[in-house]
Structure formats: structure tokens, C-alpha cells
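Source: prediction; values computed, not measured. In listed order, ligands and their atoms are each counted from 1.
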Amino acid sequence: MAVRVGIIGCGKISERASLPNLVNYKKKARIKVLCDIVEPKALALKEKFRLTGVDIERDWKKAVKRKDIDAIFINTPNYLHEEMTVAAARNKKHVLVEKPITITVKAADNMIRSAKAGGVYLMVEQTQRFDAVHQAAKKVLESGTLGKIHNIRGRIGHAGPEYWSEGKAHWFYDKKKSGGGAMIDIGVHITDLIRWFAGKKIKEVFATIRTIEKPVKVDDNATVLFRFEDGSKGEIECSWTTRPYEVTTTVYGSKGKMMTSVGTKKPVKVVIAKTRRGDDPNCTLEEIYPEIGPGEPWENAVHYFIDCVIKKRRPFVSGEEGRETMRVIQAAYESNRFGKWVKV
Ligand SMILES: NC(=O)c1ccc[n+]([C@@H]2O[C@H](COP(=O)([O-])OP(=O)(O)OC[C@H]3O[C@@H](n4cnc5c(N)ncnc54)[C@H](O)[C@@H]3O)[C@@H](O)[C@H]2O)c1
């Protein structure tokens, strides 16, 4: 039977990610209710996607109580994720919550507890893990081709939320609603990706988080150094002042390195040094370009969540994973405030 879905928040991510990928999965998923505090936004999406048999609801508290839905997509501003997830879980609905899981580690704990108590799945929509480019890269890392990983870097950047969503005094720039600026908004993407690539805990961070270009009260650029549990190093940068859009990583191992760059012709490149001294001019290099699987990142994420509900399989980007990434983000903001390394 198809999973019956309710969506709370009918803004950009619903329009770009959730709705198209539920509509194109109609054998497995059926949208039952669209909820937005601004009713015309829900109506506009209903019309745009020519949905039938879908109710419009202004009050999210009513939406989560409906008996005819199995799962809720929480696509609202970050500060609302906790309250909505807790209520959905209490009403026995599986939850796909947008990144970041929420705005504090304490709130994430509450969400995880509620999902457990309700006996439902809580998945965090950490899109980068569902990009086929990064899934191909993860396979390379798991294969051991690069040897022991010493250093891992990532960068994500775009021009900022004003080019994505609507409204001038936007919630993305209101710390109470967003939890911060670029560091939480897209730092969460690249931090989570690097954590997943590394497959080990980040123990300490040192961060420089700044507002360089935008006339806003939250940060628009950040650099964070990581120390992993085994002593190896990591580094991320995130930026709301980058044009064009960029998501890149470099992983250095004892046998070679791997570069990923989303949106390029050969998005994963692995270079292996065939002799011990990689700087030898006669060193033979082997170049590998792994095959990239199908699907767009949002499509893969939405379909994966629906499949998890149908197959009763716990999503691998669980609330606990979202919480671990949130711990790093929170420690990064703390490090920036105190100007020193902070334990995660
Ligand atoms: N995974 C990704 O790549 C990605 C990209 C962009 C945004 N996001 C995340 O998606 C979430 C939503 O972002 P967005 O860009 O769609 O924002 P948005 O402002 O475009 O949409 C948010 C919607 O929530 C509605 N809303 C606000 N309060 C509400 C309430 N109390 N009840 C019901 N509806 C309410 C608003 O009216 C609006 O329509 C955020 O958590 C954001 O971080 C994820």
C-alpha cells in the first residue's frame, strides 16, 4: 500500500524537492494534506502539481493528528522542526525532517526521544548523502583504494538564501528562527558529508565564522578545522557569497587522493600513486573515474524515505546522525565565540 503523506510548510523545498519526487513516485506515495500557515502557498502548490484528493490545512497541529496519514514531511523554518516532529511522533507518524535537524543539540535529543517513544522513524533530509556523486565517492572510501585516510576537506557555497527563497526580511537571516547563518544552513550539509565520508567521530573543532559581504546579522562565511578521533584532520568551508554553486571535497589517503565536484563532467576522480614516492617525476599514476549512479539527490532522498516506511527499514540518516552533525555545528559556533579549539 502507498505511504500516505502530509507536508507541513509549502515553501521552496516543498516545491523543488518533496512534491515533484512524491508525484513521480505515485505508486508508492500519496499526498493527503498540504499544510501552510499561509494558506495560499499550500493552494498554489496543489494547483502547480495538479493534485487531486489533497486537503489544504492551515493548522499544523490538526494536520499531524489526521488518521489518514502515515508520514509527515517537516519543511518549515528550522526553529519549528522540534515541536512539529515531537507532535508528529506522538501521533505515530514517521517523520522526514529537513536539514538541519533543528537548532540545538538539546532539541535534537527531544526529537529522537519522541520518535523512539512513538515507535516511528525519524530521518533527516541530509541531501548531500543522496547525491549519486557522493554515493560513488563513499564506495571508493569503503573499498580501501586510498589506503589510510589522513586528511579530508570539503567546501559548499552558493550566493545565499535570498536567491533561493522568497521575502526580504527572511527567516534565514533571523537567528532565532534559523539558529545561525551559512554555518548552520549549508555548513550542516558539508559537515554531515565529511562525517559520513570519514566514518569516524569528530572530537575537536576550531572555527572562524564571519559576516563578510551580506548586510545581515548572521554569518555568511565559515571555515572549520576538525580533529577526528584517530588524530587525522579535516576541514570545511561554507559560504553564502560563492558564485557559481559549489560542492567539492578532497580526500587524502596513504595511497592516493580523491576529488569530488558536483555538477562537473567527471565528478569523482581518484588518483593512485603506483610507487611509494608520489613526488617522483617518474611515478606512475593511475586515474580512476568511478561510475555515477542514477537519480537526483532530492529524488533519491524522498524515494529512500518512502521505501524505508514501506519496507520497515530504519533510515540510515537517522535522528542520531542529524544530532551528531548538530553537535559539531554547535561546537563550531562556540569555538568561534571563544577563539579556541572546542571539544565536540
Ligand atoms: N535539503 C536542502 O537542500 C534544503 C534546501 C533549502 C532549504 N532546506 C530546508 O527546508 C526547510 C524549509 O526551507 P524553505 O527554503 O522551503 O523555506 P521557505 O521559507 O521557502 O518555506 C517555509 C514554509 O513554511 C511555512 N511556515 C512557517 N511557519 C509555519 C507554521 N507554523 N505552520 C505551517 N507552515 C509554516 C511558511 O509559510 C513557508 O511557506 C528549512 O529547514 C531549510 O533549512 C533544505
Side-chain angles (χ1 to χ4, degrees), residues 6-21 33-46 48 55-65 72-88 95-103 107-108 111 123-131 134 156-193 218 238 240 245-247 262 296-302 304-305 317 322 325-326 329:
I7 297 181
I8 308 178
C10 294
K12 268 289 170 237
I13 199 70
S14 286
E15 182 182 358
R16 299 274 306 273
S18 315
L19 281 167
N21 294 305
V33 58
L34 291 176
C35 169
D36 201 293
I37 197 162
V38 184
E39 205 174 295
K41 294 191 78 170
L43 271 168
L45 289 192
K46 183 176 172 179
K48 178 172 177 174
D55 296 332
I56 301 297
E57 178 59 76
R58 270 191 65 215
D59 182 354
W60 68 267
K61 289 184 179 165
K62 284 191 189 153
V64 296
K65 283 187 185 145
I72 300 265
F73 284 37
I74 298 179
N75 293 354
T76 48
N78 306 344
Y79 76 110
L80 295 169
H81 293 183
E82 178 193 7
E83 193 185 3
M84 291 176 172
T85 298
V86 169
V95 174
L96 177 60
V97 65
E98 263 305 328
K99 55 58 46 183
I101 181 169
T102 172
I103 56 177
M111 291 162 75
M123 170 169 151
V124 188
E125 206 276 282
Q126 287 292 166
T127 318
Q128 297 306 319
R129 295 201 196 193
F130 293 93
D131 192 313
H134 299 141
I156 188 165
H158 61 52
E162 68 269 34
Y163 296 97
W164 156 264
S165 206
E166 292 166 5
K168 280 184 186 154
H170 206 271
W171 68 265
F172 281 97
Y173 300 123
D174 178 348
K175 193 175 169 204
K176 283 200 187 108
K177 294 184 173 173
S178 58
M183 182 64 220
I184 188 163
D185 178 43
I186 53 176
V188 76
H189 276 306
I190 198 72
T191 300
D192 185 74
L193 180 67
V218 291
C238 57
W240 272 350
Y245 174 72
E246 174 186 348
V247 186
V262 165
E296 294 298 321
W298 286 324
E299 178 186 12
N300 291 344
V302 169
Y304 172 80
F305 174 72
V317 201
T325 298
M326 197 60 222
I329 305 285

Undergrad: What atoms in ligand 1 come closer than 4.0 Å to a heavy atom of S165?
TA: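 Per the distance check, 15 (O), 17 (O), 18 (P), 19 (O), 20 (O).
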Undergrad: Which residue, Q128, H189, E125, forms the side chain to side chain contact (heavy atoms under 4.5 Å, CB included) with K99?
TA: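 Going through the options one by one, the only one that passes is H189.
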Undergrad: Yes or no: does H189 have any heavy atom under 4.0 Å from an atom of ligand 1?
TA: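 Judged by the 4.0 Å heavy-atom criterion, H189 does count as contacting ligand 1.
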Undergrad: For ligand 1, indicate whether the residue P161 contacts it via side chain, backbone, both or neither (heavy-atom separation under 4.0 Å).
TA: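 Neither; no heavy atom under 4.0 Å.
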Undergrad: Non-hydrogen atoms of E15 versus ligand 1: any pair closer than 4.0 Å?
TA: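 The answer is no, since E15 has no heavy atom less than 4.0 Å from ligand 1.
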Undergrad: Of the backbone atoms (N, CA, C, O) and the side-chain heavy atoms from C-beta on, which set of M84 has a member under 4.0 Å from an atom of ligand 1: side chain, backbone, both, or neither?
TA: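 The answer is the side chain of M84.
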Undergrad: Is there a heavy atom of R16 sitting under 4.0 angstrom from any atom of ligand 1?
TA: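 It does not; every heavy atom stays at 4.0 Å or beyond.
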Undergrad: Should the proximity of I13 to ligand 1, defined as any heavy atom under 4.0 Å, be assigned to the side chain, the backbone, both, or neither?
TA: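 Under 4.0 Å from ligand 1, I13 contributes backbone and side-chain atoms.
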Undergrad: Do other residues, nucleotides or ligands put more than 12 heavy atoms under 6.0 Å from the NZ atom of K46?
TA: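 It does: K46 NZ has more than 12 such atoms within range.
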Undergrad: Counting heavy atoms not belonging to E296, are there more than 12 under 6.0 Å from its CD?
TA: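 Counting neighbours around CD of E296, 12 or fewer heavy atoms of other residues, nucleotides or ligands fall under 6.0 Å, so no.
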Undergrad: Heavy atoms only, cut-off 4.0 Å: how does Y79 contact ligand 1, side chain, backbone, both, or neither?
TA: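 Neither part.
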Undergrad: How far is atom 37 (O) of ligand 1 from its nearest protein heavy atom, and which residue and atom is that?
TA: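 Answer for atom 37 (O) of ligand 1: D36 OD1, 2.6 Å.
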Undergrad: From atom 34 (N) of ligand 1, work out which of I37, D185, I103, L45 has a heavy atom at the shortest distance.
TA: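 It is I37 that holds the nearest heavy atom.
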Undergrad: Only heavy atoms of W60, strictly under 4.0 Å: list the atoms of ligand 1 that pass.
TA: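 Numbered from 1, ligand 1 contributes 31 (N), 32 (N).
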Undergrad: Quick one: does ligand 1 sit under 4.0 Å from the side chain of K41, the backbone, both or neither, non-hydrogen atoms only?
TA: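 Near ligand 1, K41 shows its side chain, while the N, CA, C and O stay back.
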Undergrad: For atom 17 (O) of ligand 1, which protein heavy atom lies nearest, and how many Å away is it?
TA: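 Ranking protein heavy atoms by distance from atom 17 (O) of ligand 1, first comes W171 NE1, 3.5 Å.
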Undergrad: At under 4.0 Å between heavy atoms, is it the side chain or the backbone of H81 that contacts ligand 1, or both, or neither?
TA: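 The answer is the side chain.
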Undergrad: Quick check: do V64 and M84 have side-chain heavy atoms less than 4.5 Å from each other?
TA: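 Heavy-atom side-chain distance check fails, nothing below 4.5 Å.
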